[in-house]
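Structure first, commentary second.
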Amino acid sequence: MKVYLDNGATTKVDPKVAKAMLIYLTEKYGNASSLYSLGQESKKALESSRKIIANELNALPEEIVFTGSGTEADNIAILGIVFANKDKNHIISSKIEHPAVLQALKHLEDVGYKVTYLDVDKDGFISLKDLESSITDKTLLVTIMHANNEIGTIQDIKAIGDICKKHNIYFHTDAIQSFTKTPIDVKKINIDLISLSSHKIHGPKGVGALFIKKATKINNIIYGGGQESNLRSGTENIPSIIGFAEAVKIDKKLNHIKQLRDYFIKQVLKIPHTKLNGSKDKRLVNNANISFAYIEGESLLMHLDNNGIAVSTGSACSSHSLEPSHVLKAINLPNEYMNGTIRFTFSRFNTKKEIDYSISKLKKIVSDLRKISPLKGVKNV
Ligand SMILES: *Cc1c(COP(=O)(O)O)cnc(C)c1O
């Protein structure tokens, strides 16, 4: 049996999405900037897709800019705000952000900006008190993710937005994991910028979007033909943009996902010396991040793979390194759990049968690995 439980890394393109895209690859391939009808058809498709993304956030279509990825949306948001507002040089973020945010911030530190990285508690929440006390008269931007990609914890972006508004500071959130899973209404929260990505919601890879509240002072970081309100020059990727919008429209089956996820967690936590990381209730509907003490996450991953089950250790973005994840470090996970942590992320394509299969394989593999584990204390587990 093949079971894909790594939907936090990427998702299968929904067949309906692929179907909607195809005609824009083969027949309606015009450049949206061209004046003849083939081009204008692409332009129309672009604008109707923009409306769909905007509606999902209760935003205006002109507040949505399509980008080449979620990473690019994060970079345009952070660097664009910084370059347009040179009178301030301090940014506040958290220790558990995605590399697309952390690395952009590191670059800014290299060129002289000051960045405060807020600590998180054991469930992955920032402290609103810490946030407020970190603000100085030089603070320009707060960038704190909505839902964490590793442990699934969902921050209170309404409360963060209120603090930013009170101090007249821009607020950006990376909502790439939460988009279409946890609603965001930009009319109800004070937020200036939101990053989105298509391939985490059954759309194609290589397309994202950035919500930018009307009248926000932002500069472009990419130079060229001036597409996307001059914020993302480059010929618009119409097939992928169409696919992204189609992915927003299709049934999310969140109840189905949550049922499978909750059942999975309940069964797996029956294995001795296991621990669920992240918040119990304020967590992404499709995320289960579980530590198996006295086990190497990598060997667990390989054994699951041999049984057709795809999962990840920590996050996909850092899976090329064997360093413990910066997120698990930030939540102060005890050492014996740190290396044996696996992220299981579900989708609406998963079935109960797949989950039962995965649970039974997991039980067997964990028990076998612990029998041969050279780690201290294993005799008692
Ligand atoms: C996947 C992801 C990104 C990067 O998006 P890409 O479209 O892959 O560039 C950024 N932030 C978070 C939280 C993510 O999960």
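All ligand and atom numbering here is 1-based and tracks the order in the structure. Residues: numbered from 1 along the sequence shown.
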Residue G70 vicinity, atoms of ligand 1 by number, heavy atom under 4.0 Å: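 Once the distances to G70 are compared, the set is 5 (O), 6 (P), 7 (O), 9 (O).
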Ligand-residue contact atoms, ligand 1 with H199, heavy atoms, under 4.0 Å: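 Once the distances to H199 are compared, the set is 6 (P), 7 (O), 8 (O).
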Against the six-membered ring of F349, is K12 placed for a cation-pi contact (under 6.0 Å from the centre, within 45° of the normal)?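 Pair K12/F349 counts as cation-pi.
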Under 3.5 Å, N or O to N or O, is Q177 touching ligand 1 that way?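 Yes, at least one N or O pair falls under 3.5 Å.
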Once you restrict to heavy atoms under 4.0 Å, what part of [X] touches ligand 1? Side chain, backbone, both or neither.
X    : answer
I176 : side chain
K205 : neither
E72  : neither

Can you check salt bridge (charged side-chain N to carboxylate O under 4.0 Å, His left out) on K166 and D162, steps first, answer last? CA-CA 6 Å; K166 183 170 139 200; D162 287 344; over 6 Å; no
Are the side chains of K114 and K138 in contact, using a 4.5 Å heavy-atom criterion?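 In short, these two side chains do not touch, never coming nearer than 4.5 Å.
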Given side chains that start at C-beta, do those of I218 and Y170 come closer than 4.5 Å, heavy atoms only?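 No. Closest side-chain heavy atoms not under 4.5 Å.
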In plain terms, say whether E336 and K275 are close enough for a salt bridge, that is, a side-chain N and a carboxylate O under 4.0 Å apart.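 Not counted as a salt bridge, because no side-chain N and carboxylate O are separated by less than 4.0 Å.
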